[in-house]
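Nothing fancy with the numbering, it's 1 onward along the sequence. For the numbers below, each heavy atom of this structure counts, side chains included, while hydrogens, waters and symmetry mates do not.
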Amino acid sequence: MREVGTGHVLVDVDGHRADVVLNRPDKRNALNEDVLSDLKRAFEEVDANEDVRAVALLGKGPVFCAGMDLEMMRERGERAQQGESRGAESGGSLLGDVIETVDTARVPTVVGIKRAAPAGAFELSLPADFRIISEDAKYGVIEVQLGTFPHGGATQRLPRLIGLAKAKELVLSGEFIDPEEAEGIGLVNEVCDAEAVDERARELADDLAENAPLGMERARKALNAALEMPLDDGLAYERALGEQLDDTHDYTEGFTARLEGREPEFEGR
């Protein structure tokens with residue numbers, strides 16, 4: 001694995017899958033400025049790598065991520081009370097930048113949530129396309145119990161994922177959601193044993209990487225826009241994206257391979 005930036009994030013490319021791994025296990029992979037800067041850089045690098053077709057976002061050690069670094073957040077509050085500026089590179093703004101980078105990436109992301117993903121870590125998981133969670137995970141937006149509220153995107157993304165009523169329940173109660181319930185309401189895709197989470201996330205990313213990369217990229221764009229525009233506009237957008245693929249190598253290869261009874265060899269062109 002290759003270190004990115006300060007070394008708090010690792011990247012490993014295996015075939016068409018890239019593993020992006022939080023690497024601060026002594027602090028349960030808590031998110032501080034260095035981790036967030038490294039994470040943003042890592043996603044930008046793998047997204048620019050044309051060989052990469054899917055990403056697994058993981059945490060080194062027994063825990064995915066403990067959320068935002070509490071010491072950093074306390075210091076941020078103390079500075080604010082003293083009238084000092086947060087600065088452009090504060091933890092909160094960096095988290096938003098990372099989430100936007102994951103959300104707008106060219107390739108799909110699978111996040112493996114082992115044992116914990118509270119608060120900022122929960123919000124970090126939301127723009128991923130698939131969420132694999134361990135059966136013992138502490139997963140939820142607990143910020144109202146910490147003197148603030150989730151403002152890394154949860155108040156906007158959660159209602160789109162699970163509906164407004166359930167989103168209000170999670171955000172305003174500040175309670176963790178049971179992983180089985182999270183699966184039942186479509187918040188996560190799969191629940192498994194903690195020891196199997198990383199491998200299952202990698203397996204799913206490998207499965208995704210076998211698909212046509214141009215097709216997945218445009219499908220993600222259409223799906224992510226689905227709740228942002230009227231149906232007629234969405235259908236027109238979908239058709240326009242689809243027409244972009246008609247004269248590509250992968251379009252011809254996909255149908256030819258099916259007719260010939262073989263596996264397609266997609267090239268992303």
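Inter-residue side-chain proximity for L94 and S37 is flagged as met; some heavy-atom pair is nearer than 4.5 Å. Proximity of L39 to L57: side-chain heavy atoms (C-beta onward) are separated by under 4.5 Å at one or more points. Between N211 and F266, the closest side-chain pair of non-hydrogen atoms is not below 4.5 Å. Between L158 and F122 the shortest side-chain heavy-atom distance falls below 4.5 Å. P150 has its side chain within reach of V171: a pair of non-hydrogen atoms, C-beta onward, lies under 4.5 Å apart.
Of the possible polar contacts, none joining the R258 side chain to the G254 backbone as a donor-acceptor pair under 3.5 Å is found. Looking at R200, its side chain never comes within 3.5 Å of a backbone N or O of D193 through a donor-acceptor pair. Panel note: side chain E253, backbone E265; a donor-acceptor pair is recorded below 3.5 Å. D47 contributes no side-chain N or O that, together with a main-chain N or O of A105, makes up a donor-acceptor pair within less than 3.5 Å. Of the possible polar contacts, none joining the E135 side chain to the V191 backbone as a donor-acceptor pair under 3.5 Å is found. No side-chain donor-acceptor contact under 3.5 Å links H16 to the backbone of V52.
The CG atom of L31 sits 3.5 Å away from the SG atom of C65 when rounded to the nearest 0.5 Å. Between atom CG of residue N29 and atom NZ of residue K114 there is a gap of 7.5 Å, rounded to the nearest 0.5 Å. Note that the CD atom of E267 and the CD atom of E50 stand 12.0 Å from one another [nearest 0.5 Å]. For the atom pair E175 CD and K138 NZ, the distance stands at 10.5 Å (nearest 0.5 Å). A distance of 4.5 Å separates NE2 of H249 from CZ of R269, quoted to the nearest 0.5 Å. The CZ atom of R218 lies 13.5 Å from the CD atom of E238; values are rounded to the nearest 0.5 Å.
Screening R157, K221, R220 for a salt bridge (charged side-chain N to carboxylate O under 4.0 Å, His left out) with D103, the sole residue that qualifies is R157. Here the rule is side chain to side chain donor-acceptor pair (under 3.5 Å) with R202, and of D19, D14, D207 only D19 fits it.
No continuous path of hydrophobic side-chain contacts links V21 to V55 [ILVMFWY only; heavy atoms under 4.5 Å]. Transitive grouping of hydrophobic side chains (ILVMFWY, heavy atoms separated by less than 4.5 Å) keeps Y237 and L245 in distinct clusters. Following chains of ILVMFWY side-chain contacts shorter than 4.5 Å, one cannot reach I142 starting from I133, and the two form parts of different hydrophobic clusters. No single ILVMFWY cluster, assembled from side-chain heavy atoms under 4.5 Å apart, contains both M68 and F149. With hydrophobic clusters built from ILVMFWY side chains whose heavy atoms lie under 4.5 angstrom apart, V102 does not share a cluster with L10.
Nearest heavy-atom pair across P179 and A137 is CG-O, 3.8 Å. Nearest heavy atom pair, residue N189 against residue E183, reads O-OE2, 3.6 Å. The minimum heavy-atom distance linking V188 with R131 is given by the pair CB-O, 3.6 Å. In this structure, V35 and H8 approach most closely via the heavy-atom pair CG2-CB, 3.7 Å. Counting all heavy atoms, side chain and backbone alike, N23 lies closest to K60 at OD1-CD, 3.1 Å. Across all their heavy atoms, I113 and A117 have their closest contact at CG2-CB, 3.5 Å.
If you check the side chains of D136 and S134, you find a donor sitting under 3.5 Å from an acceptor.
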Problem set entry | Audit row: E45, R41, salt bridge (charged side-chain N to carboxylate O under 4.0 Å, His left out) steps and yes/no | CA-CA 6 Å; E45 288 181 3; R41 178 175 169 181; 3.1 Å; yes
For this session: I would like to know whether R53 and E217 meet salt bridge (charged side-chain N to carboxylate O under 4.0 Å, His left out); could you show each step before the answer?
Result: CA-CA 9 Å; R53 299 180 183 177; E217 178 183 358; over 6 Å; no
Problem set entry | salt bridge (charged side-chain N to carboxylate O under 4.0 Å, His left out) between R24 and D34, intermediate numbers included | CA-CA 10 Å; R24 201 187 179 205; D34 286 342; over 6 Å; no
